[in-house]
Amino acid sequence: MADGLGWESFSLVGHSMGGKAAQQVLAQAPRRVRKLVGLARSPPVPIRWTPTETRW
């Protein structure tokens, strides 16, 4: 979608399993994702991504 809209970078918000999907986007295109917010009631969105660069 971002490519179709011509966005070079963007922020993501994901709820529950959407948070996991947002993490997958971050893992595949870390330089394009400016911010990521994962929302969940319970259990929390898992953090399993290790940055390969020092940009947050």
Side-chain angles (χ1 to χ4, degrees):
M1 182 173 138
D3 290 341
L5 293 169
W7 296 350
E8 290 185 24
S9 62
F10 46 87
S11 297
L12 296 169
V13 177
H15 176 260
S16 192
M17 287 300 288
K20 189 171 182 176
Q23 286 179 325
Q24 290 295 319
V25 174
L26 178 63
Q28 292 178 18
R31 292 190 173 131
R32 294 184 71 185
V33 178
R34 285 185 286 192
K35 307 268 182 182
L36 184 144
V37 177
L39 305 169
R41 184 173 177 161
S42 179
V45 175
I47 299 174
R48 292 196 178 111
W49 180 73
T50 303
T52 57
E53 58 185 63
T54 57
R55 178 190 162 274
W56 281 93

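What you see is a predicted model; the values in this text were computed from it and never measured.
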Please say yes or no: joined through hydrophobic side-chain contacts below 4.5 Å, possibly via intermediate residues, are Met17 and Leu12 part of one cluster? no

Should Leu26 and Trp7 be regarded as members of a common hydrophobic cluster, given that ILVMFWY residues are connected when their side-chain heavy atoms come within less than 4.5 Å of each other, either directly or indirectly? yes

Name all pairs fulfilling the salt bridge (charged side-chain N to carboxylate O under 4.0 Å, His left out) condition that reach into residues 21-30, sequence neighbours left out, sorted by first residue then second. none

Qualifying salt bridge (charged side-chain N to carboxylate O under 4.0 Å, His left out) pairs with a residue from residues 1-19, counting only residues at least two apart or across chains: Asp3-Arg32

